[in-house]
2 protein chains.
Amino acid sequence: MTAGDPEERQGRVEPGLEPGLDRAILRPVRAHHAFEACVEQLAIAIRLGIYPPGSMLPPERDLAAMLSVSRATLREAITALRSAGVVQTRRGRGGGTIVLDSVPVDEKHSGVKELAGRQDDLRDALDFRAIVEPGAAGLAAARCERDEVSDSERRALETALAAVEDAPDEAIHRRADSILHLTIARLSGSARLITAVTDAQDDLHTLLQAIPVLPRNIRHSSSQHRSIVAAILAGNESRANRVMYQHCSDTAALLRGLLG
Amino acid sequence: MTAGDPEERQGRVEPGLEPGLDRAILRPVRAHHAFEACVEQLAIAIRLGIYPPGSMLPPERDLAAMLSVSRATLREAITALRSAGVVQTRRGRGGGTIVLDSVPVDEKHSGVKELAGRQDDLRDALDFRAIVEPGAAGLAAARCERDEVSDSERRALETALAAVEDAPDEAIHRRADSILHLTIARLSGSARLITAVTDAQDDLHTLLQAIPVLPRNIRHSSSQHRSIVAAILAGNESRANRVMYQHCSDTAALLRGLLG
DNA sequence: GGTCAATGGTTGAACTTCATACCTTTAATC
DNA sequence: GATTAAAGGTATGAAGTTCAACCATTGACC
């Protein structure tokens, strides 16, 4: 059956025309246990500032539903976060799980050492980001152009931009930056892009933790943010795309040095 | 903590500056049972031509490892495929699971009706594809330019292109087309892009099943394929990107009509 | 023709996850 | 201050998943 295979053996036939494609395409159906995956997602949401220090996670029953796990499993995850010192829990009405202020940075986990085993993966992450984020910005602009963006969405974008500019310290700045990018992804209206940008931002976070961010870089970045938001709100798709690409490229250039 | 919230209540605080962002970002940790997810992945691999009719799946032990599930779970999946008439299994040395020729098209599942509940999702899929596939083509070209592409990879690309042109019927053409796109994704060297393109191709498959493909469209598509492959092999990143974008846009325009 | 090795088939115990129901605590609320 | 509702805490059995052996079949190989 395989095209032009001369030996008519009846047995195994190489998959298709592309031997090995299956190894590239089939992916683990379950990387972790459910509760580990929950820990990971919550940790990401906290790192990216979706649940900033001082805020409360949704009630366990709601969170479990959002993550499509049972409450028992979610509670295992929260227990893990609690014993890692990331959150605290209070019972009773008005209680809940609160995100602690000083997310323990785990000194061991900061710095370049952490990046060791992931160099190729993180290079990939930077490439991927430079594809999906400009795509998201472009789509968002296109939706603005077609007037599919509500006023509240527009305001959310401006608020997110302002939050980045007003950030008083590096940690808050980093979170506000992520939120801005995620808000843009949300404006794109694409669930797939939101997922892709979330993943990209988390990888970016990993990399940025390894270096101190210079004021000069922040200024450069802020000016690009303003251009991007302006292009989106003006409905200028190609410009939004182009400036976001530049923004991602600049960051990537800065970071690629870390990866040898 | 919430920006400008006047009431200093100690209780729940809205997540961050972006209420509702969490609902957009947290995703189900497990959509299906493990064995269902296996069925799905295998079905996709078969649909996309990674395991074409007449070919054999890898031994159960290998497949289980690739999908990171136990053999017991994988066997449940294969049993499901078998009773759906998609594959057949022979025991003993040289035995294994073979993909049957006539993948039963499930008449109920073809046609426009199937698309009913997924219109927004499939529109999203087309948008997403028009972002990631050009990105993959561009990266592949860049890798060629930097001479990071082996001869065997170059040949694989040419073979995949030839297979599309030589396809004797619609079903084979469709599979060869998917393989070509996946081969390009593989040449990009990015695991994330391979995943993204695989997903996009499967969604595309869903849509294309609903309409008959006209010879005119095939010719148009083939000429674009040639341009794309040429641009990649020549290491012309921006051209590869641009032509692939055009290719995706043209297909999308054709299909968007189906989605109201 | 006999042996062997590669393949699918089977079993059962340990662990994880789920679904459900119910308990306890505590702040709102009246 | 009593009531109530909203949260976290606990318990239990069913279902799903894993793991590790072992069995059965059959073509490949000598």
Side-chain angles (χ1 to χ4, degrees), chain A residues 7-15 22 28-42 51 55-83 86-100, chain B residues 7-15 22 28-42 51 55-83 86-100:
Chain A
E7 64 205 291
E8 275 288 1
R9 61 169 180 170
Q10 283 199 316
R12 187 165 307 279
V13 176
E14 273 308 302
D22 58 342
V29 126
R30 284 185 181 181
H32 317 290
H33 284 171
F35 95 91
E36 289 172 316
C38 291
V39 170
E40 201 172 298
Q41 281 211 42
L42 291 175
Y51 299 121
S55 70
M56 284 253 189
L57 303 189
E60 292 180 351
R61 289 162 175 86
D62 293 3
L63 252 192
M66 290 189 221
L67 296 170
S68 290
V69 295
S70 71
R71 213 182 132 210
T73 302
L74 173 71
R75 292 189 92 256
E76 271 193 275
I78 289 183
T79 300
L81 289 174
R82 191 166 39 230
S83 60
V86 178
V87 300
Q88 220 175 23
T89 299
R90 281 202 324 262
R91 328 191 354 170
R93 178 163 179 164
T97 299
I98 192 170
V99 179
L100 291 182
Chain B
E7 65 205 287
E8 276 286 1
R9 60 169 182 172
Q10 282 201 317
R12 186 165 308 280
V13 176
E14 273 309 300
D22 58 342
V29 125
R30 284 184 182 182
H32 318 289
H33 286 169
F35 94 91
E36 288 173 317
C38 290
V39 170
E40 200 173 299
Q41 281 212 42
L42 291 174
Y51 299 120
S55 70
M56 285 256 190
L57 302 190
E60 293 180 351
R61 290 165 175 82
D62 294 2
L63 254 191
M66 288 188 222
L67 295 170
S68 290
V69 295
S70 72
R71 217 183 127 209
T73 301
L74 173 71
R75 293 190 90 258
E76 271 193 276
I78 290 184
T79 300
L81 290 174
R82 192 165 40 229
S83 59
V86 178
V87 300
Q88 219 175 24
T89 299
R90 282 202 324 264
R91 320 182 12 158
R93 178 160 181 167
T97 299
I98 192 170
V99 179
L100 290 181

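Keep in mind that what you see is a predicted model, and the values were worked out from it rather than measured. So you know, we letter chains A, B, ... as the sequences are listed, proteins then strands, and number each from 1.
- Look at CD on E60(B): it is 12 Å from C1' on dT10(C), rounded to the nearest Å.
- Closest of all the heavy-atom pairs between P58(B) and M66(B) is CG-CE, 3.6 Å.
- Here the P atom of nucleotide dA7(D) and the CZ atom of R90(A) are 12 Å apart, to the nearest Å.
- Rounded to whole Å, atom P of dG9(C) lies 13 Å from atom CG of L63(B).
- No side-chain heavy atom of L63(B) sits less than 4.5 Å from a side-chain heavy atom of T97(B).
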What pairs of donor and acceptor atoms, side-chain ones from residues 72-80 of chain B against any protein atom, are under 3.5 angstrom apart with sequence neighbours left out?
unit_1, atom_1, unit_2, atom_2, d
T73(B), OG1, S70(B), OG, 3.1
R75(B), NE, E60(B), OE1, 3.0
R75(B), NE, E60(B), OE2, 3.4
T79(B), OG1, R75(B), O, 2.8
T79(B), OG1, R82(B), NH2, 3.3

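- Here dG8(D) presents its C1' atom at 15 Å from CD1 of I98(A), a figure rounded to the nearest Å.
- M56(A) and G94(A) make their closest contact through CE-O, 4.0 Å (heavy atoms, listed as atom of the first residue, atom of the second, distance).
- Distance CE (M56(B)) to P (dT26(D)): 14 Å, rounded to an integer number of Å.
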Item to check | Annotated protein contacts, base or backbone, on nucleotides 14-26 of chain C with a non-hydrogen cut-off under 4.0 Å, one of B, S, - each | outcome: --SSB---B-BBB
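- Nearest heavy-atom pair, V87(B) versus V99(B), reported as atom, atom and distance to 0.1 Å: CG1-CA, 4.2 Å.
- Between the P atom of dT17(D) and the CZ atom of R75(B) lies a distance of 16 Å, rounded to the nearest Å.
- Between H32(B) and E36(B), the closest heavy-atom pair is CB-OE1, 3.3 Å.
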